[in-house]
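Worksheet for the structure shown next.
Lettering follows sequence order; numbering is per chain, from 1. All figures in this text were calculated on a predicted structure; none of them were measured in a lab.
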2 protein chains.
Amino acid sequence: MNASPRRKELTRLAAQLFVQEGFDKTTVRMLAQAMGIKSGSLFHHFKDKQEILAAVIEEGTHNALAIARRTLESSPPDPEARLRAMARAHLETLFTDRNAHVVALFEWRRLDDDAKAHLSHLRDAYEALWVDVIDEALDAGLIHGDRFLVSRFVLGALNWTVRWYDPAGPRTPDDLADELVAMIMPLKRQGGL
Amino acid sequence: MNASPRRKELTRLAAQLFVQEGFDKTTVRMLAQAMGIKSGSLFHHFKDKQEILAAVIEEGTHNALAIARRTLESSPPDPEARLRAMARAHLETLFTDRNAHVVALFEWRRLDDDAKAHLSHLRDAYEALWVDVIDEALDAGLIHGDRFLVSRFVLGALNWTVRWYDPAGPRTPDDLADELVAMIMPLKRQGGL
DNA sequence: CTCTTACACTAGCGCTTGCTTGGTTACTCA
DNA sequence: TGAGTAACCAAGCAAGCGCTAGTGTAAGAG
């Protein structure tokens with residue numbers, strides 16, 4: 001809804017605190033302090049605490065969707081390249097916008113029903129892009145299996161990386177993406193690295 | 001620690017509430033009511049709320065580890081069969097003991113440092129079993145890639161199923177396990193179902 | 001018949017929570 | 001210059017929180 005620069009900055013700070021402490025344990029007083037204001041002033045920017053959570057998740061999901069669309073537009077028609085590009089884009093967003101995405105993945109249940117209904121459309125649109133790319137790979141015979149199962153296994157493997165991946169380590173997100181694609185498409189990998 | 005039958009039953013009820021409401025939003029009064037006692041009486045069985053969470057997670061992880069060990073013991077030495085058996089066992093525990101495992105996966109951060117240190121040993125032991133099985137499959141040339149990456153991708157894909165799998169649907173957990181194994185090992189699947 | 005143990009109760013303390021209210025400040029634009 | 005507005009603050013309310021203290025009761029052990 002409202003997208004003032006101030007509100008965007010506050011949303012970013014909130015995302016960080018939600019990741020550090022969890023949504024429920026983050027008090028409006030903590031949020032206010034991190035933002036350099038008093039707790040009462042928070043409610044000038046957000047109707048209630050729920051709306052802050054919704055703003056964080058909406059921001060993250062919206063970005064991910066935009067990046068995925070751009071990635072697919074500027075991607076060649078080759079199914080393997082598109083699959084790899086999607087995996088790379090997914091991990092790239094996941095780790096540049098990490099806080100927002102961790103919140104989206106692990107605090108989703110804290111949303112009230114209205115917010116959930118609204119945001120699940122965004123999420124479904126994102127997953128639909130994945131199912132399309134998986135479909136292309138299936139049609140091309142690169143991978144095998146049920147389109148939904150494969151999509152969900154792949155997304156699960158990718159999303160779970162936020163639980164163990166250390167950006168300071170030797171591996172880049174692109175390395176992870178390539179390894180995953182190689183794992184489900186070993187025929188292409190036989191002679192490679 | 002203490003494992004009276006009464007306490008086990010209370011732990012089971014707590015797991016259910018923690019899944020429904022989340023740990024932080026589950027009050028000791030809600031827990032007590034679900035158990036048919038008053039909130040004060042709760043603290044006869046558990047030192048504090050934290051200990052209930054730890055009990056839930058310990059119970060679930062302990063079971064998973066026991067089942068995985070039993071599975072591997074009664075499994076033939078064939079790497080493919082062992083991999084499939086582990087995947088099936090993982091999903092089976094995940095969905096028979098679903099509440100405890102959902103709590104373990106998504107409320108881990110709420111544990112205090114001592115409990116985390118204690119329970120991460122259990123979890124690491126479980127993951128080590130997986131790395132072994134993955135290693136065997138790598139050595140046999142069934143799959144390719146980095147042992148840790150493959151283990152984590154596979155565990156991620158499996159754990160993520162709790163987010164979307166519907167036990168009332170047409171597919172059994174064994175179906176899921178077989179599909180996943182087929183996905184990362186397509187050579188074996190070419191002529192099959 | 002007493003002592004112990006397990007389990008439960010009532011009552012409430014001290015604190016924190018999300019949020020409201022009524023008023024103040026600083027900036028923008030006619 | 002003065003009206004309008006966005007951003008903030010001080011103060012605090014009502015509700016709910018985890019947890020404690022002190023007591024009661026029933027069953028089994030000696």
Q: Consider only side-chain N and O atoms of A:H121 and A:Y126, and report whether a donor and an acceptor are under 3.5 Å apart.
A: no
Q) Taking NZ, NE, NH1 and NH2 as the nitrogens, is one of them in A:D178 or A:R88 under 4.0 Å from a carboxylate oxygen of the other? A) yes
Q) For B:K38 and D:dG22, what is the distance between atoms NZ and P respectively, to the nearest whole Å? A) 22 Å
Q.
Could you tell me if A:R152 sits above the aromatic ring of B:Y165, with its cationic atom closer than 6.0 Å to the ring centre and no more than 45 degrees from the axis?
A. no
Q) Which listed nucleotide (C:dC19, D:dG18, D:dC9) is nearest to the side chain of A:S39? A) C:dC19
Q: Answer yes or no: does a side-chain N or O of B:S41 lie under 4.0 Å from OP1 or OP2 of C:dC9?
A: yes
Q: Classify the side chain of B:R29 versus the base of D:dG18 as yes if they form a donor-acceptor pair under 3.5 Å and no if they do not.
A: yes
Q. When the distance from CZ of B:R7 to P of C:dA8 is rounded to whole Å, what number comes out?
A. 14 Å
Q) Given atom NZ of A:K49 and atom P of D:dA15, what is their separation to the nearest angstrom? A) 19 Å
Q) Rounded to whole angstroms, how far apart are CZ on B:F43 and P on C:dC9? A) 14 Å
Q) In whole angstroms, how far is the C1' atom of C:dT16 from the NZ atom of B:K25? A) 14 Å
Q) Could you give the CZ-to-C1' distance, from B:R110 to D:dG18, as a whole number of Å? A) 16 Å
(Q) Do the side chains of A:E80 and A:R84 get close enough for a salt bridge, i.e. N-O under 4.0 angstrom? (A) yes
Q | For atom NZ of A:K47 and atom C1' of C:dG18, their distance in whole Å | A | 12 Å
Q.
Would you say B:H44 places a side-chain N or O within less than 4.0 Å of OP1 or OP2 belonging to C:dC7?
A. yes
Q | Distance in angstrom units between A:L31 CG and C:dG18 P, rounded | A | 8 Å
